[in-house]
Student: 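This structure is in structure tokens; I'll ask about it shortly.
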Amino acid sequence: MTPAGPPGRGRLPLRLRRAPVAWERQRPTWREARPALIADALKRAQARPSGNWYVVGASRDLCGDRPLARTVEGHEVVLWRDRSGDLVAGPGVCPHLGAPLRDSPVRCGTLVCHWHGLALDGAPFAGWEPWPAHDDGVLLWVRLDDVGGEEPTALPPVPVRPDPGQALVAVYTGSGRCEPEDVVANRLDPWHGAWFHPYSFVDLTVVDTPRPTDGRSAPDAFTVDVSFKVAGRLVVPVRAEFTAPGPRTVVMRITDGEGEGSVVETHATPLGTDRTGTPRTAVVEAVVAASGRPGFALARRAGPLLAPLVRQAAGRLWRDDLAYAERRWSLRSTGRFPG
């Protein structure tokens with residue numbers, strides 16, 4: 001498809017929709033959202049390396065004298081900060097008698113098992129071995145080579161994003177009954193935006209799609225013109241690009257319009273299966289918003305007040321999108337998925 005003209009940037013970010021179209025009268029997108037096109041983009045994403053790194057939460061989630069506990073593909077993970085403030089991660093099972101380290105306190109950078117007092121400062125000790133971990137300032141990552149099975153890398157593939165110190169940052173975390181590929185497939189279907197989320201998106205047009213012959217390292221992006229709803233007929237039009245730099249990550253980047261350069265990173269982390277054998281996946285989505293407008297500095301300073309609102313908006317979207325991902329898994333697991 002040939003890209004249309006970008007929305008541009010005026011003196012004010014808001015626009016007034018002069019001829020709004022009712023939801024049921026908008027142009028159908030089902031012919032353009034070809035199942036084979038989405039499936040091919042998903043396959044290319046799954047072929048890209050991750051270095052065995054998994055996103056396990058937000059940097060802000062880890063503070064104080066309590067560790068952070070997560071599960072990745074059935075492996076208990078515990079994270080805390082050592083005396084120097086560096087991130088430490090490792091098995092969440094005490095090597096002595098199996099205590100859940102998630103319930104143990106941190107004292108002066110040392111995790112102290114609450115069953116028998118075994119103290120872990122982040123170095124190998126008494127059969128406990130740390131796992132590589134990384135805090136990129138927005139998200140926490142842990143490397144699990146036994147789970148990923150890929151060639152490990154020293155650092156995770158952190159997408160390019162605005163400087164968090166100069167941006168408004170908010171991280172949403174949720175989970176659903178599906179696999180990571182179902183979450184990624186949802187994000188590689190931008191056509192559903194204005195139909196499935198009319199409370200947030202209007203006037204959505206996919207203006208460019210990946211070429212089916214793209215290789216695993218070739219540019220592989222969906223380009224979208226869309227307007228974010230503010231109130232009534234007031235909207236913020238932007239051009240955005242969706243890419244999948246890894247098997248469990250999709251990045252939406254604003255390439256033109258208000259907030260150019262801002263990103264929404266969606267990371268899907270497998271949790272394992274529940275008691276019924278159903279897979280569960282965590283969605284960790286980071287919004288890193290930036291703007292060159294003078295008033296944005298005020299918005300950034302109000303970040304602690306605005307971040308909960310951003311997380312609430314993301315939660316509303318993911319209430320729907322996790323239902324989409326769960327439905328996709330349900331159909332796939334029973335051989336009924338038509339895509």
Side-chain angles (χ1 to χ4, degrees), residues 1-4 6 27-51 53-55 148 150 156-161 176 178-197 201 204-226 238-256 263-270 279 281-286 317-318 320-333 336-339:
M1 299 178 65
T2 302
R27 184 175 58 83
T29 57
W30 66 272
R31 289 185 177 86
E32 298 170 24
R34 301 192 305 276
L37 192 156
I38 298 170
D40 287 346
L42 175 63
K43 289 179 183 177
R44 290 192 295 274
Q46 292 175 316
R48 297 186 179 108
S50 70
W53 288 94
Y54 296 83
V55 171
E150 300 178 9
V158 180
V160 176
R161 59 167 78 118
C178 61
E179 295 179 325
E181 75 162 79
D182 301 299
V183 173
V184 174
N186 170 272
R187 278 296 182 260
L188 295 179
D189 169 18
W191 292 276
H192 77 268
W195 282 104
F196 204 38
H197 308 297
F201 307 119
L204 187 151
T205 302
V206 179
V207 297
D208 201 10
T209 62
R211 295 178 299 278
T213 56
D214 282 347
R216 59 183 285 178
S217 60
D220 202 358
F222 294 86
T223 304
V224 176
D225 285 343
V226 64
V238 301
R239 171 163 288 182
E241 185 179 86
F242 290 79
T243 58
R248 295 177 297 276
T249 299
V250 177
V251 177
M252 186 205 76
R253 187 181 311 278
I254 295 179
T255 58
D256 194 45
V263 301
V264 177
E265 296 176 20
T266 304
H267 300 272
T269 299
T281 294
V283 174
V284 183
E285 185 165 273
L317 287 167
W318 274 109
D320 291 339
D321 280 339
L322 277 172
Y324 176 118
E326 290 178 340
R327 172 70 173 176
R328 185 180 188 274
W329 178 83
S330 177
L331 294 174
R332 284 196 307 110
S333 66
R336 295 179 294 145
F337 182 61

Student: Go through the side-chain N and O atoms of Thr266 and Glu285 and say whether any donor and acceptor fall under 3.5 Å apart.
Tutor: yes
Student: Starting from the C-alpha separation in whole Å, work towards a yes-or-no answer on side-chain contact (heavy atoms from CB on, under 4.5 Å) for Arg239 and Val207.
Tutor: CA-CA 9 Å; Arg239 171 163 288 182; Val207 297; 3.9 Å; yes
Student: Measuring only between side-chain heavy atoms, which start at C-beta, is Trp318 closer than 4.5 Å to Val183?
Tutor: yes
Student: Roughly how far, to the nearest 0.5 Å, is the OG1 atom of Thr209 from the CG atom of Leu188?
Tutor: 12.0 Å
Student: Any idea which heavy atoms bring Pro247 and Val184 closest together, and the distance?
Tutor: O-CG2, 3.6 Å
Student: Provide the closest heavy-atom pair for Pro338 versus Leu331 in the form atom of the first, atom of the second, distance.
Tutor: CD-CD1, 4.5 Å
Student: Determine whether Asp321 and Arg187 make a side-chain contact, defined as any pair of heavy atoms from C-beta on separated by less than 4.5 Å.
Tutor: yes
Student: Decide yes or no for Val226 and Val238: does some side-chain heavy atom of the first lie under 4.5 Å from some side-chain heavy atom of the second?
Tutor: yes
Student: Could you tell me whether a side-chain N or O of Arg248 sits under 3.5 Å from a main-chain N or O of Tyr54, the two making a donor and an acceptor?
Tutor: no
Student: Evaluate whether atom CZ of Arg327 has more than 12 neighbouring non-hydrogen atoms of other residues, nucleotides or ligands under 6.0 angstrom away.
Tutor: no
Student: Checking Glu181 side chain against Leu42 main chain: does a donor-acceptor pair fall under 3.5 Å?
Tutor: no
Student: Which pair of heavy atoms, one from Pro190 and one from Phe242, lies closest together, and at what distance?
Tutor: CB-CE1, 4.3 Å
Student: So, using ring pair (Phe, Tyr, Trp, His ring centres under 6.0 Å) as the criterion, who are the partners of Phe222 when residues are at least two apart?
Tutor: Trp191
Student: Considering only heavy atoms from C-beta outward, does the side chain of Glu265 approach that of Val55 to under 4.5 Å?
Tutor: no
Student: Under the 3.5 angstrom rule, does the side chain of Thr281 hit a backbone N or O of Cys178 as a donor-acceptor pair?
Tutor: yes
Student: So, for Ser330 and Arg336, which heavy atoms are closest and what is the spacing to 0.1 Å?
Tutor: OG-NH2, 3.8 Å
Student: Do any N or O atoms from the side chain of Asp320 and from the backbone of Leu317 form a donor-acceptor pair under 3.5 angstrom?
Tutor: no
Student: If every non-hydrogen atom of Glu150 is compared with every non-hydrogen atom of Arg48, which pair is closest and at what distance?
Tutor: OE2-O, 4.4 Å
Student: I'd like to check Arg44 versus Pro210 (side-chain heavy atoms, cut-off strictly below 4.5 Å). Are they in contact?
Tutor: yes
Student: For Val206 and Thr29, run side-chain contact (heavy atoms from CB on, under 4.5 Å): C-alpha distance rounded to whole Å, both residues' side-chain angles, the deciding distance at 0.1 Å, then the answer.
Tutor: CA-CA 9 Å; Val206 179; Thr29 57; over 6 Å; no
Student: After noting the C-alpha distance and the side-chain angles of Arg328 and Asn186, does the key distance pass the side-chain contact (heavy atoms from CB on, under 4.5 Å) rule?
Tutor: CA-CA 9 Å; Arg328 185 180 188 274; Asn186 170 272; over 6 Å; no
Student: Would you please name every residue forming a side chain to side chain contact (heavy atoms under 4.5 Å, CB included) with Arg27, sequence neighbours left out?
Tutor: Glu32, Thr205
Student: Any side-chain heavy atom of Thr243 within less than 4.5 Å of one from Arg253?
Tutor: no
